[in-house]
Visitor: 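Take a look at the following structure, please.
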There are 2 protein chains.
Amino acid sequence: MGIRAQQKEKTRRALVDAAFNQLSAERSFSSLSLREVAREANIAPTSFYRHFKDMNELGLTMVDEGGLTLRQMMRKGRQRAEAGGSVIRISVDTFMEVLDSNPNVFRILLHERSGTSAAFRAAVAREIEHFISELAHYTEATAGRTPMLARAQAEALVTLVFNAGASALDMKRADRKVLADQLVMQLRMVAKGAEALQHKVEHR
Amino acid sequence: MGIRAQQKEKTRRALVDAAFNQLSAERSFSSLSLREVAREANIAPTSFYRHFKDMNELGLTMVDEGGLTLRQMMRKGRQRAEAGGSVIRISVDTFMEVLDSNPNVFRILLHERSGTSAAFRAAVAREIEHFISELAHYTEATAGRTPMLARAQAEALVTLVFNAGASALDMKRADRKVLADQLVMQLRMVAKGAEALQHKVEHR
DNA sequence: TAAATTAGCTTACAGTTGTACGCTCAAATG
DNA sequence: CATTTGAGCGTACAACTGTAAGCTAATTTA
């Protein structure tokens, strides 16, 4: 890669990082202005356009990076689960760890999931869909669930996990532990309940 | 009430209504400007201050009205449930009906629940807490749940319901029906699962 | 009835926003 | 080496924001 392309990539990175760094509990992506991001990245406002068409494009890039984090998390969870132990517990712990070390990645995913931009919502939904279908496939295979039941169960699990994640973002470590324990309990409820419903279908 | 107070109340109402009317899938409360709201309500921007200290105060008023809607919904659900039938089914149907006729009330609740203003988040959480504790109390009483289990179950139910509500907001009637059916299934999972966990605790 | 109150208005201002335009000068190209 | 390319910059502007100040006219109070 030439010197020029290298420098350009660096500046682009600076913009993305600047945007991520400005996110917080009090500051959502949609409240960031192009000028603020450019300021934080130490470039002139108008130079922003050399890298992104507008703030929307920047945001979608960030959501994509969030998807990457999500997939890395899945891989990590699967690896740990292979070693044995409660799949639910392992998954929750992994989730909380990744959440803890990438808070702002989750902030944009969790916030824009129900945000005001259709494009954003679609992008986040697409990333989360990986999760859901992987989970649904998993329970179909290992627990012999009906596709419909598997889907409903997977969506419920993901809803509960992401919702807990949103709450956990603004919590201290101690409260987070309580939350994680409750989440494990809720996920077990869904798993047990899905099993019961499955049996009901079978015995008829 | 004097003529003056009456007129003032009318204008205040116009402001609140103007704000509610500007909400949509593409427009969140936090993206509304004071001037836009004043314009829609047909008053001068500066007259806004005769009624609210700032946009924040308007927003909190709207959340309060959302709480009112929620409580009316609970009452309606309880009444219908008394007549017999599946409590879960009745609750979901009631929820969907109320959602359908007050979309913007739910928009502000669902959006600001995970918004960027701590005051808003707290206000919404307070309103939803009614729901959760009422539900927890209900399952403790009728199904003899452990307080801890009852709480976890109630939070799971509410999470699933509100999450489905957020999705339902932008759906056509047909898709909404599918969603409602899946939601019922998920709620049954949680209920069945909580029961199973309860028995596990008891048999030891 | 005279005085006080106040909802709503107009005017005004400083700050911020997105973005159009044209320049520079270092890197890439041929 | 001569030419082209393009990342980053400064200037500029129109649109919008929140809100301060002071006026008006109708209602309320005493």
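Just so it is clear, the model here is predicted, and its values are computed rather than measured.
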Visitor: Looking only at side-chain atoms of B/Arg4, point me to the closest of C/dA28, C/dT5, C/dC9.
Guide: C/dT5
Visitor: When you check the gap from the basic side-chain N to the acidic O, do A/Glu65 and A/Arg13 get nearer than 4.0 Å?
Guide: yes
Visitor: Salt-bridge test for A/Arg71 and A/Glu127: reply yes if a basic N is under 4.0 Å from a carboxylate O, no otherwise.
Guide: yes
Visitor: Counting only heavy atoms not in A/Met171, do more than 12 fall under 6.0 Å of its CE?
Guide: yes
Visitor: Quick test: give all pairs of protein nitrogen or oxygen and nucleotides 19-23 of chain C nitrogen or oxygen below 3.5 Å, distance rounded to 0.1 Å.
Guide:
from	atom 1	to	atom 2	distance (Å)
C/dT19	OP2	A/Tyr49	OH	2.7
C/dT19	O5'	A/Tyr49	OH	3.2
C/dT19	O4	A/Arg35	NH1	3.0

Visitor: Give the rounded distance in Å between these two atoms: CD1 of B/Ile43 and C1' of C/dA7.
Guide: 9 Å
Visitor: Rounded to whole angstroms, how far apart are CG on A/Asn56 and P on C/dG18?
Guide: 12 Å
Visitor: From CG of A/Leu32 over to P of C/dT16, roughly how many Å is that when rounded to an integer?
Guide: 16 Å
Visitor: Any side-chain N or O of B/Arg12 under 4.0 Å from OP1/OP2 of C/dG8?
Guide: no
Visitor: Any side-chain N or O of A/Ser47 below 4.0 angstrom from OP1/OP2 of D/dA7?
Guide: no
Visitor: Does A/Arg39 put a side-chain nitrogen or oxygen below 4.0 Å from OP1 or OP2 of C/dT17?
Guide: yes
Visitor: How close or far is atom P of D/dG18 from atom CD of B/Glu57, stated in whole angstroms?
Guide: 15 Å
Visitor: Does the side chain of B/Ser33 get closer than 4.0 angstrom to OP1 or OP2 of D/dC16 through an N or O atom?
Guide: no
Visitor: Can you check the A/Phe48 CZ to C/dG18 P distance for me, whole Å?
Guide: 9 Å
Visitor: Give the intermediate values and the outcome of side-chain contact (heavy atoms from CB on, under 4.5 Å) for residues B/Leu149 and B/Gln153.
Guide: CA-CA 6 Å; B/Leu149 266 176; B/Gln153 176 182 359; 6.0 Å; no
Visitor: What is the distance from CD of B/Gln6 to P of C/dT6, rounded to the nearest Å?
Guide: 18 Å
Visitor: So, do B/His111 and B/Phe120 sit near enough that their side-chain heavy atoms are less than 4.5 Å apart?
Guide: no
Visitor: Check every strand shown and say whether A/Glu36 touches a base, only sugar-phosphate, or nothing at a heavy-atom separation below 4.0 Å.
Guide: sugar-phosphate
Visitor: Indicate yes or no: does B/Arg173 engage B/Glu97 in a salt bridge with an N to O separation below 4.0 Å.
Guide: no
Visitor: Report the distance from atom CZ of A/Phe52 to atom C1' of D/dG8, rounded to the nearest whole Å.
Guide: 15 Å
Visitor: Round to the nearest Å and state the distance from A/Ile3 atom CD1 to C/dT29 atom P.
Guide: 12 Å
Visitor: Any salt bridge linking A/Asp170 with A/Arg176? Criterion: basic side-chain nitrogen under 4.0 Å from a carboxylate oxygen.
Guide: no
